[in-house]
Amino acid sequence: MHEIIQAVLGGIIMSLGTAIAIYVDNEIVGAFIFASFLCFAFVWHFNLFSWVASYSTYHKGVHFKKHISTLLLTWFGNFTGAAISVAIFQQMPIGDDISRKAVQICEGRINNTPWGVFIMSVIAGFLMYAMLKHYSGPYSVTLLHTLSQLSIFGMAMAIWICGFEELTSDMFIFTYTGAFTIRMALVTIGNLLGTMIIPLANRIE
């Protein structure tokens, strides 16, 4: 029960950050807001699909069946959180503005090829793993460590600015516009595979 609650909260927090980032007109400001909410979800240990996948990849000894179960619970929890957020925002005065801008984002992404969607999803998963790796590293009061922590925020901003396909954010955008399609399967697989790139590369001798 704790895992599903954390996943629902993660979906709500990311949806809130995504909604505000969509609403503001300045892309850099939007990216800053998106990154702030993403880091907030991370620090407070709310479950996001790509982070749960990253955590299980990063930490050895995670039981396979437990891993799959946690991923499925997180996916549906994130989607539930996104759907709840959509229902709330649609009743707010800014709901129409968010809908109009979300449609514009969807039109741009729908025109992308399935291969393009997959690649953008893999990159998002790769960045999410890199963020977890940086955050989980040993703490030290050094310039290098400070820059490493700042890079987490930079990578989070890059996900928004470049339009990389982060699953939880996409759930909100495409549910809001009614364009929730099979592309979510591509984003799910892409995010999952993206978290595996560095661990697999490290095993190559």
Side-chain angles (χ1 to χ4, degrees), residues 6-24 27-44 46-54 71 74-90 94-95 97-110 112 116-132 152-181 183-192 194-195:
Q6 292 296 94
V8 172
L9 290 174
I12 292 174
I13 289 297
M14 282 306 302
S15 296
L16 180 58
T18 301
I20 299 173
I22 290 173
Y23 183 71
V24 299
E27 185 178 48
I28 301 300
V29 173
F32 183 88
I33 292 170
F34 176 82
S36 298
F37 278 86
L38 185 57
C39 290
F40 176 81
F42 187 71
V43 170
W44 285 91
F46 295 137
N47 288 352
L48 302 178
F49 179 84
S50 49
W51 271 342
V52 170
S54 297
L71 283 176
T74 302
W75 197 99
F76 285 106
N78 286 170
F79 176 73
T80 300
I84 291 172
S85 301
V86 167
I88 293 173
F89 273 104
Q90 285 177 338
I94 64 173
D97 285 337
I98 293 175
S99 178
R100 175 174 53 81
K101 294 177 181 180
V103 167
Q104 293 174 355
I105 293 174
C106 283
E107 288 175 348
R109 295 189 179 183
I110 288 175
N112 197 359
V117 171
F118 178 73
I119 293 297
M120 298 290 272
S121 304
V122 170
I123 295 173
F126 175 84
L127 290 173
M128 295 292 268
Y129 178 88
M131 292 169 68
L132 178 72
I152 295 175
F153 200 82
M155 285 185 279
M157 289 185 67
I159 290 175
W160 182 261
I161 292 173
C162 298
F164 295 134
E165 305 278 358
E166 195 282 315
L167 179 63
T168 314
S169 178
D170 275 13
M171 284 177 171
F172 175 79
I173 294 172
F174 285 92
T175 301
Y176 206 108
T177 59
F180 196 90
T181 63
R183 68 177 285 120
M184 287 297 101
L186 285 174
V187 176
T188 300
I189 296 171
N191 279 185
L192 184 60
T195 67

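The model shown is predicted, which means the values in this text are computed figures rather than measured ones.
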Minimal non-hydrogen separation, [X] against [Y], with atom names:
X      : Y      : value
Gln6   : Trp44  : NE2-O, 4.0 Å
Ile33  : Ala21  : CG2-N, 4.4 Å
Gly125 : Thr195 : O-CG2, 3.7 Å
Ile22  : Ile105 : CG1-CD1, 3.8 Å
Ile161 : Ala31  : CG1-CB, 3.4 Å
Val117 : Asn112 : N-ND2, 3.5 Å

Do side-chain atoms of [X] reach the backbone of [Y] as a donor and acceptor pair under 3.5 angstrom?
X      : Y      : answer
Tyr176 : Ala83  : no
Asn191 : Ser121 : yes
Ser169 : Glu165 : no
Asn78  : Val8   : no

Rounded to the nearest 0.5 Å, how far does [atom2] of [Y] lie from [atom1] of [X]?
X      : Y      : atom1 : atom2 : answer
Phe46  : Phe40  : CZ    : CZ    : 5.0 Å
Ile88  : Ile12  : CD1   : CD1   : 6.5 Å
Ile94  : Ser99  : CD1   : OG    : 12.0 Å
Phe174 : Cys106 : CZ    : SG    : 4.0 Å
Phe34  : Met157 : CZ    : CE    : 11.0 Å
Arg183 : Thr188 : CZ    : OG1   : 11.0 Å

Under the side chain to side chain contact (heavy atoms under 4.5 Å, CB included) criterion, do Gln90 and Ile98 qualify, and how do the steps go?
CA-CA 9 Å; Gln90 285 177 338; Ile98 293 175; over 6 Å; no

Report yes if the side chains of [X] and [Y] come closer than 4.5 Å at any heavy-atom pair, otherwise no.
X      : Y      : result
Glu166 : Ser50  : yes
Leu16  : Ser85  : no
Phe89  : Phe172 : yes
Met14  : Leu48  : yes
Phe37  : Thr18  : no
Met155 : Phe126 : no
Met184 : Phe79  : no
Leu71  : Leu192 : yes

Please lay out, stage by stage, how Leu167 and Trp75 fare under the test side chain to side chain contact (heavy atoms under 4.5 Å, CB included).
CA-CA 9 Å; Leu167 179 63; Trp75 197 99; 3.5 Å; yes

Is there a side chain to side chain contact (heavy atoms under 4.5 Å, CB included) between Met171 and Phe49 once you walk through the steps?
CA-CA 11 Å; Met171 284 177 171; Phe49 179 84; over 6 Å; no

Please check if the number of heavy atoms outside Phe118 that lie under 6.0 Å from its CZ is greater than 12.
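Yes, because the 6.0 Å sphere around CZ of Phe118 holds more than 12 heavy atoms from other groups.
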
I'd like to know whether Val86 forms a side chain to side chain contact (heavy atoms under 4.5 Å, CB included) with Ser15, so could you lay out the CA-CA distance, the side-chain angles of the two residues, the decisive distance to 0.1 Å, and finally the verdict.
CA-CA 8 Å; Val86 167; Ser15 296; over 6 Å; no

